[in-house]
Amino acid sequence: MLLALLCVFICVVLVQFFYFIFVFGKFSFSKPKDIVPKRIPISVIVCAKNESQNVREFIPLLAQQDYPDFEIVLIDDASSDETLDEFEALEQQYRNIKLVKVANNEAFWGNKKFALTLGIKAAKYDNLLFTDADCYPKSKDWITAMSSHFTAQKSIVLGYGAYEKSNSFLNKIIRFETLLTAVQYFSWAKLGHPYMGVGRNLAYRRTEFFNVRGFMDHMKIRSGDDDLFVNQAANNQNTAICFSADSFTYSKPKTTLGDWMKQKRRHVATANFYKTFDKIQLSIFYISQVAFFTLASILIYYQFQWIAVCSIVGFRYLFSWISLGFASGKLEEKDVMYWFPIIEIVLIATQIRIFITNLFSKPVQWK
């Protein structure tokens, strides 16, 4: 019995090796391309619902971008706080800001996709760059960096949406999970199979939006204005990735485990609507993670071939640490890798809990 478990354990580690080296390695060991400014007109789109404090703090940073030709489309999604007042004040202050007011619609109440659709239609330019109201760009060259990847063929650009750093352990968990997610979608995009992006930092041409009828095919799913759209519209010909430091956006992470769990429950639930291949490859990776720790624990507990088992465990940590280490350097998240073994175990336990919880109740969606 234990011999059979050892054989399965070796197979699991080989699966992990394939992912970390041959899949994630496509991003981890790649070199960023030099940024050649395109200076094409850009519409930056921000949708907000009850975000008055974030709007007051972050929208002026978008308006201060060092870019010759851009507008900012601010969408107020029927806010009940002072968000609309803040938007109207900004519209008076900056000439390149356009305001879109969305009233409650009975058919689409509380659906961010409906509000975004109105903003996309109202945008002056065809090249669209998206971020959230609680996000801000790392530099004044954010638009320059993201727009530089638009070409005649590349009409979707996947960026990195990071979180602010703090000393809390929860913050490290959140940033490691964000790092791992980015490594996955960047790597698969480089392999010619893009499957998701994040609305905190995403660009695409409006023609791509209309080619897939916008959000119509998943309008009833409240989440997924970013990843479900990319999952449907992106392919190996039209998608580029951008991971230069100037292209990053930052937002404030959740400060309590409960709030972060609610956020992740929405993300996990949305992934159920990905294409079949994407769900399978994600499932295989996460199952291999769970199997690795489960089988390693059993074999070490029974001290079966413990030298061989410990050597295999060490080999697994070596190649995973190298792969994610290079990736963390590119995405400026090196500090989380010092906690990698502990964070990975905690994150896997959290994901199992989220999966079980989502089986029995639906996560709360857009504000």
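A 4.5 Å side-chain heavy-atom check between Val102 and Phe114 finds at least one atom pair inside the cut-off. Within the 4.5 Å cutoff, no side-chain heavy atoms of Ile59 are placed close to those of Tyr136. Here the side chains of Met337 and Leu324 are in contact, with some heavy-atom distance below 4.5 Å. Between Ile343 and Phe169 there is a side-chain heavy-atom pair separated by less than 4.5 Å. By the 4.5 Å heavy-atom criterion applied to side chains, Gln289 and Glu344 are counted as neighbours.
A donor-acceptor pair shorter than 3.5 Å cannot be found between the side chains of Asp227 and His267. A donor atom on one side chain and an acceptor atom on the other are found under 3.5 Å apart for Asp69 and Tyr125. Judged purely by distance below 3.5 Å, without hydrogens or angles, the side chains of Glu86 and Ser52 never pair a donor atom with an acceptor atom. No hydrogens or angles considered: nothing links the side chains of Asn50 and Thr83 as a donor-acceptor pair under 3.5 Å.
Listed by first and then second residue, the side chain to side chain donor-acceptor pair (under 3.5 Å) pairs that reach into residues 318-327 are Ser28-Ser323, sequence neighbours excluded.
Atom NZ of Lys275 sits in a crowded spot, with more than 12 heavy atoms from other residues, nucleotides or ligands closer than 6.0 Å. With a 6.0 Å radius and a threshold of 12 heavy atoms from other residues, nucleotides or ligands, Asn272 has its CG atom above the threshold. At most 12 non-hydrogen atoms from other residues, nucleotides or ligands lie less than 6.0 angstrom from CZ of Arg353. Summarising the local packing, NZ of Lys26 is surrounded by 12 or fewer heavy atoms from other residues, nucleotides or ligands at distances under 6.0 Å.
Ring orientation note: the planes of Trp188 and Phe277 are nearly perpendicular, at an angle over 60° on the 30°/60° scale. Ring pair Phe243/Phe186 is tilted by interplanar angle, where 30° to 60° counts as tilted. Taking the six-membered ring where tryptophan is involved, the planes of Phe315 and Phe17 are essentially parallel, since the angle between them stays under 30° and well short of 60°.
Note: Asp246 CG to Asp66 CG = 10.5 Å, rounded to the nearest 0.5 Å.
Ion pairing between Glu177 and Lys172 fails under the 4.0 Å rule for side-chain N and carboxylate O. Between Glu333 and Arg175 there is a salt bridge, since at least one side-chain N of the basic residue sits less than 4.0 Å from a carboxylate O of the acidic one. Salt-bridge check for Asp226 with Lys113: failed, with every basic side-chain N at 4.0 Å or more from each acidic carboxylate O.
With sequence neighbours excluded, the residues forming a side chain to side chain contact (heavy atoms under 4.5 Å, CB included) with Tyr302 are Leu2, Ile298, listed by chain and number.
In the hydrophobic cluster analysis, where Ile, Leu, Val, Met, Phe, Trp and Tyr join through side-chain heavy atoms closer than 4.5 angstrom, Val46 is grouped together with Met146. Tracing side-chain contacts under 4.5 Å through hydrophobic residues (I, L, V, M, F, W, Y), one reaches Phe27 starting from Leu282; they form part of the same cluster.
For an aromatic pair to be called close, the ring centres must be under 6.0 Å apart, and Phe285 with Phe24 satisfies this.
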Set out, in order, the CA-CA distance, both residues' side-chain angles and the distance that settles ring-ring contact (aromatic ring centres under 6.0 Å, His included) for Tyr185 and Tyr195, then state yes or no. CA-CA 6 Å; Tyr185 70 73; Tyr195 73 92; 7.1 Å; no
Evaluate the criterion salt bridge (Lys or Arg N to Asp or Glu O under 4.0 Å) for residue pair Asp85 and Arg56; output intermediate values, then yes/no. CA-CA 10 Å; Asp85 295 334; Arg56 190 180 306 115; over 6 Å; no
What verdict does the side-chain contact (heavy atoms from CB on, under 4.5 Å) test give for Asn211 and Arg205, after you've listed the backbone C-alpha separation in whole Å, the side-chain angles of each residue and the deciding distance to 0.1 Å? CA-CA 10 Å; Asn211 283 344; Arg205 289 203 185 98; over 6 Å; no
Audit row: Asn238, Ser155, side-chain contact (heavy atoms from CB on, under 4.5 Å) steps and yes/no: CA-CA 5 Å; Asn238 67 1; Ser155 51; 3.5 Å; yes
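No option in Phe319, Phe22, Phe20, Phe326 other than Phe326 meets the ring pair (Phe, Tyr, Trp, His ring centres under 6.0 Å) test with Phe29.
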Side-chain donor-acceptor contacts of residues 247-254 below 3.5 Å, not counting sequence neighbours, with atom names and distances?
| residue | atom | partner | partner atom | Å |
| --- | --- | --- | --- | --- |
| Ser247 | OG | Ser244 | O | 2.6 |
| Thr249 | OG1 | Arg200 | O | 3.1 |
| Lys252 | NZ | Glu57 | OE1 | 3.4 |

